[in-house]
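Here the structure is laid out as structure tokens; the discussion comes afterwards.
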Amino acid sequence: VGSVLSSYGWYVLLAAVAVYLLVQKVSRSLAARPSGRPGAAEAAEEPDVVVRRQEALAAARLRMQEELNAQAEKYKEKQRQLEEERRRQKIAMWESMQEGKSYKGNLKLNQQEVESGASASAVPKSKPNKKPLRGGGYNPLSGEGGGTCSWRPGRRGPSAGG
């Protein structure tokens, strides 16, 4: 016993202190807890307060449900309008195809009419003239005129995968 205490004495002392502190903490938390029954705190309150709180909670839930229903109705109405617009576009596209016209051009014209009707004072913007990216003499197959870019073979040896 003497050899065990001499070699592990400090560890035994630290373990005893840790156990003591743990027991103190658990006993404080048990003392701070209310009585053993979980519903004892609710029974101590007055019944009128509980009833008023429940009524207020029910009223708040009802208000939130009504707001949610209103938002759902707005969303459904918007979806109906979008579906109606899609249906009209499909009908217009089908009619233009039957007449032998380009349906895409027709749709662009319809969209421009809607935009011009929405903003009558809008000024049409002209696109600026764009310069070509390369000169007219560029030919990628000739190997000339490509600037600093040139093809180089890859490294020899095994792949760098590791």
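Every value quoted in this text rests on a predicted model; they were computed, and no experiment measured them. All residue numbers in this chain count up from 1 along the given sequence.
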Heavy-atom side-chain proximity of W94 to K90 below 4.5 angstrom =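 Side chain of W94 against side chain of K90, heavy atoms only: no contact under 4.5 Å found.
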Answer whether the closest heavy-atom distance between the side chains of L62 and E66 falls below 4.5 Å.
->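 With C-beta onward as the side chain, the pair touches.
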Could you go through the salt bridge (Lys or Arg N to Asp or Glu O under 4.0 Å) check for R88 and E84 one step at a time?
-> CA-CA 6 Å; R88 287 181 192 152; E84 181 66 23; 3.6 Å; yes
V4-Y11 co-clustered via ILVMFWY side chain contacts under 4.5 Å |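 Yes, V4 connects to Y11 through the hydrophobic network.
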State plainly whether the residues E77 and R80 are in salt-bridge range, i.e. N to O under 4.0 Å.
->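 So E77 pairs with R80 through a salt bridge.
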Lys/Arg-Asp/Glu bridge criterion (N-O < 4.0 Å) met for E83, R86 |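 The answer is yes: the pair qualifies as a salt bridge.
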I need the [X] [atom1] to [Y] [atom2] distance, nearest 0.5 Å.
| X | Y | atom1 | atom2 | result |
| --- | --- | --- | --- | --- |
| I91 | R87 | CD1 | CZ | 4.0 Å |
| L22 | S27 | CG | OG | 9.5 Å |
| R28 | K25 | CZ | NZ | 9.5 Å |

Tell me yes or no: between the side chains of E73 and N69, is some donor less than 3.5 Å from an acceptor?
->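 Short answer, no.
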